[in-house]
Amino acid sequence: MRLSQYFLPVTKDVPSDAAIVSHQLMLRTGMVRQNGAGIYSWLPLGFKVLKKIEQIVREEMDRAGAVEMLMPTLQQADLWRESGRYDDYGEEMLRITDRGGRDMLYGPTNEEMITDVFRGYVKSYKQLPLNLYHQQWKFRDEVRPRFGVMRGREFLMKDGYSFDLSEAAARVSYQRMFAAYLNTFDRLGVTAIPMQADPGPIGGDLSHEFLMLAESGESAVFCDSEVLDVPAPGLDFDFGDEAALAAEMDKRTQYYAATDEKHDEAAFAQVPDARKTEARGIEVGHIFYFGTKYSEPMGAGVQDSDGNVVPIHGGSYGIGVSRLVGAIIEACHDENGIVWPASVSPFDVGLVSMRPKDEACAAGCDAAYQALKAAGFDTLYDETDDRAGAKFGRMDLIGLPFQIIIGPKALEKGVVELKIRKTGEREELALDAAIARMRALA
RNA sequence: CGGAGCGUGGCGCAGCCUGGUAGCGCACUCGCCUGGGGGGCGAGGGGUCGGAGGUUCGAGUCCUCUCGCUCCGACCA
C-alpha cells in the first residue's frame, strides 16, 4: 500500500482524557475514532489489526475442532425469557422495541440463541460432541465504558459453545478449548495466564479466565512465576488426545494463579518467595462449563443410546477480540510508539523513500516495493515527500516490525537499510539479503 | 449508581472568575529556502463558542434547563 493513497490520520496530540497508553496510541496512530461512549469506528490501520487477530482466533478454533458460523446481533426477548435471563441480566442489556412493539435486545452474548439453533436440529447423541463458534459484535451497556476499546460498550467477541452428552465429555471439550486458547494467545504474541474464576452471570461450576499481564490491567493478579514459563501446547498438538488435553490443563493449574477476587493468601504463602508474582492483568479470555443451565429450561436434549432424552451439557468460551487490540498494545510498546508482534502487525514492513522527488531514488524504491510485495510482504510504502524525521517518527509510531529505508546514497552502494523496530538495530545490506533476514526473524 | 470535571476552526488547548472586535499550537493552502529523526521564513483559508431559554444596551463569559463526553469509586469479554 502506498501511503499517499492510504488513510492513516496520525496525530501528535491526543485528548488529555485518554488515560492509558494503548488508548493514546490507538488515537495517535489513527486506528480508531470514538463515535460515542464506548463505541468506536475502526479506521483502516486498526481494522487490519482487528482482522488479523480475528483470523488467528479462527485458525486456532478450527484447529481444535470448533466450527464457525454467524449469529445476528439483534435477538428476540422471548428467547431470553425462556432461560430466565431477560429479567436477570439487568441494565447492561440494551433493550430495543421494534415497530410491532416486540421486545428485542442487542446481544450481550449468545447462549440462548445457540441453544435455540442446536435444539432445532440436533436430536441424537450420535451428533455429539459439537462445538460452534462465531465472532460477532456484542453490546453491553456498561455503566462506565473506559480505556478505549479495552472496555467499550460495543465490542467484538469470539464466543464458542460446546455441546456434549455427559459432564465427563463436556469437561474434555472444556479442556480442548483451554488448550486452544493457550495456542491462540501464544500466536498473538502475548502471555495469558489461565486462572480459576467465578462463573459470574453466565453460570456454571468450572471456569477459567485468561489474564495478560500489563501494568494498566484492571485486575490484581497473584501467581507463581513458573506458570509464565510453561510453553503453549504447540500447533502440532493432538486435540483428540484426551490424556494430553488433561495434562495441558494440569501443567498450569498446578501453579498458584488467581485474581484478587479468588485470591487465597494462605495458598499464595506456599509459593516460594522468589517466585511470588504480584501484578496487574487484563482479562482477554474466559471459559465456562455450565452443565445443563440452558439446555434444561430451553429443552435442548438429545436421545442417548438407550433412547432416553437427556439435556446436553454445555460450555461457553469467549475471547475479547477487539479488547485484544488494546491489550496487545499495552504489552507491546515503547517510548516511540507501538511495537507490534509480527503476527498481528497491520503491515509486515514499512518502506521509506528518503527522496521521492529524486528520480533514481523513486525508481529504486518502486522496484523495492514490487520486490517486497512479490516476496509476500504486506508493505506500507511511504513515498510522501514529508521530511525524514516525520517519516521515521511515523513509522516508529505505528510499530511495524521492520522498516526498509532507501536513500540515494544507499542506492549508489546497492544496499538498503533494514531497521528492526523492536531493538532499533539498523543494518545496511542488499535488498535480497534484507528480505531473507526478515523471513528469518519473522 | 455515588463523587468530580469538560464541551471554543479538523486535532490539542487558552479565554469564562471580574460580560465589551474569538485567540494560541498543530494540521491545511500558496511561495521561497531546507532536506537522514516530527525544519525555517513569509502570506493565507477555516469557528452557529454542544443545544434551548433567560438576565443585560451587550453573553464564549452570568443564571436555568437539556444533550454529549471524560475521570475516580462499586460491576464486567
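Please read all numbers here as calculations on a predicted model, not as lab measurements. To find a chain, count down the sequence lines: A is the first, B the second, and so on, and within it residues start at 1.
Nucleotide B/U70 holds its P atom 13 Å from the CD1 atom of A/I20, rounded to whole Å. In this structure, the CZ atom of A/F147 is 9 Å from the C1' atom of B/C71, given to the nearest Å. Straight-line distance from the CD atom of A/E92 to the P atom of B/C1: 14 Å, rounded to whole Å. One atom, CG of A/D386, and another, P of B/G36, lie 14 Å apart when rounded to the nearest Å. The distance between atom CG of A/L50 and atom C1' of B/A77, rounded to the nearest whole Å, is 14 Å. Look at CZ on A/F392: it is 14 Å from P on B/G39, rounded to the nearest Å. To the nearest angstrom, C1' of B/G50 lies 17 Å from CG of A/N35. For the pair A/L211 CG and B/A77 C1', the interatomic distance rounds to 12 Å; values are reported in whole Å.
Taking the C1' atoms as reference points, B/G9 lies 11 Å from B/G23, given to the whole Å. Here the separation of B/G25 from B/U18, taken at their P atoms, is 29 Å to the nearest Å. Taking atom C1' on both nucleotides, B/A59 is separated from B/G20 by 10 Å, rounded to a whole Å. Using atom P as the reference point in both B/U64 and B/C30, the two lie 49 Å apart (nearest Å). Look at the C1' atom in both B/G54 and B/C69: the space between them is 26 Å, to the nearest Å. Using atom C1' as the reference point in both B/G46 and B/G2, the two lie 43 Å apart (nearest Å). Using P as the reference atom, B/C75 and B/C6 are 29 Å apart when rounded to the nearest Å. Between the P atoms of B/G15 and B/U8, the separation comes to 14 Å (whole Å).
You'll find that the side chain of A/K12 is closest to B/G38, out of B/G38, B/A77, B/C72. When distances run from any side-chain atom of A/Q34 to the nucleotides B/C1, B/U70, B/G38, the shortest one goes to B/U70. Checking B/G36, B/G12, B/G38 against the side-chain heavy atoms of A/D13 singles out B/G12 as nearest. Counting only heavy atoms from C-beta on, A/R146 has its side chain closest to B/C71 among B/C71, B/G36, B/A77. Here the side chain of A/A37 is nearest to one of B/C1, B/U70, B/G35, namely B/U70. For A/A19, whose side chain is taken as the heavy atoms from C-beta onward, the closest listed nucleotide among B/G38, B/C71, B/A77 is B/C71. Counting only heavy atoms from C-beta on, A/R323 has its side chain closest to B/A77 among B/A77, B/G39, B/C11. The side chain of A/M157 sits closest to B/A77 out of B/G25, B/G39, B/A77.
Here B/G20 sits opposite B/C57 as a Watson-Crick or G-U wobble pair (both hydrogen-bonding atom distances under 3.5 Å). In this structure B/C65 sits in a base pair with B/G51, meeting the Watson-Crick or G-U test at under 3.5 Å. Pair assignment for B/G31 gives B/C41, based on Watson-Crick or G-U wobble hydrogen-bonding distances that are each under 3.5 Å. In this entry B/A14 has no Watson-Crick or G-U wobble partner, no candidate having both defining distances under 3.5 Å. Remark: B/C1 base-pairs with B/G73. Criterion, Watson-Crick or G-U wobble with two distances under 3.5 Å.
Where A/V14 and A/V143 each meet RNA chain B at their nearest nucleotide, the meeting point lying more 5' is that of A/V143. Map A/G320 and A/R153 each onto its nearest nucleotide of RNA chain B; the residue landing nearer the 5' end is A/R153.
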Full working for salt bridge (charged side-chain N to carboxylate O under 4.0 Å, His left out) between A/R437 and A/E425: CA-CA 13 Å; A/R437 184 125 170 72; A/E425 174 192 348; 3.2 Å; yes
Candidate pair A/D159 and A/K138, rule salt bridge (charged side-chain N to carboxylate O under 4.0 Å, His left out), full reasoning: CA-CA 10 Å; A/D159 44 321; A/K138 305 291 187 292; 2.8 Å; yes
For salt bridge (charged side-chain N to carboxylate O under 4.0 Å, His left out), just list the numbers for A/K293 and A/E111, CA-CA rounded to whole Å, side-chain angles, deciding distance to a tenth of an Å, and then say yes or no. CA-CA 10 Å; A/K293 179 181 167 84; A/E111 280 82 6; over 6 Å; no
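Within 4.0 Å of A/A390, counting heavy atoms only, lies at least one base atom of the nucleic acid. Nucleic acid contact for A/G407: base, since at least one base atom lies under 4.0 Å from a heavy atom of the residue. Note on A/D385: a base of the nucleic acid sits closer than 4.0 angstrom, heavy atoms only. Residue contacts for A/G393: at a heavy-atom cut-off of 4.0 Å it reaches a base atom on one of the strands shown. Looking at heavy-atom distances under 4.0 Å, A/P356 makes no contact with the nucleic acid at all. Within 4.0 Å of A/K419, counting heavy atoms only, lies at least one base atom of the nucleic acid. Residue A/D159 is classed as having no contact, given no heavy-atom separation below 4.0 Å to the nucleic acid. At a threshold of 4.0 angstrom between heavy atoms, the contacts of A/E417 include nucleobase atoms, whether or not backbone atoms are also involved. Residue A/V284 is classed as a sugar-phosphate contact, given heavy-atom separations below 4.0 Å to backbone atoms only. At the heavy-atom level, A/G326 lies nowhere under 4.0 Å from the strands shown.
Below the 3.5 angstrom threshold, one finds no donor paired with an acceptor across the side chain of A/R387 and the base of B/G35. For B/G10, the base has no donor-acceptor partner in the side chain of A/R33 [N/O atoms by modelled type, under 3.5 angstrom].
Between A/R394 and B/G38 there is no side-chain N or O to OP1 or OP2 distance below 4.0 Å. In this model, the phosphate group of B/C11 is not approached by any side-chain N or O of A/R28 to a distance below 4.0 Å at OP1 or OP2.
Both tests hold for A/K48 against A/F347: distance to the six-membered ring centre under 6.0 Å, angle to the ring axis within 45°. Note that A/R153 lies outside the cation-pi zone of A/F139, set by a 6.0 Å cut-off to the ring centre and a 45° limit from the axis.
With hydrogens and angles left out, the side-chain atoms of A/D103 and A/Q76 include no donor and acceptor closer than 3.5 Å. Using modelled atom types, one finds no donor on one side chain facing an acceptor on the other under 3.5 Å when comparing A/D13 with A/T11.
Using cut-offs of 30° and 60° on the angle between ring planes, the pair A/F178 and A/Y174 is tilted. Using bins of under 30°, 30° to 60° and over 60° for the plane-to-plane angle, the ring pair A/Y256/A/F268 lands in the tilted bin.
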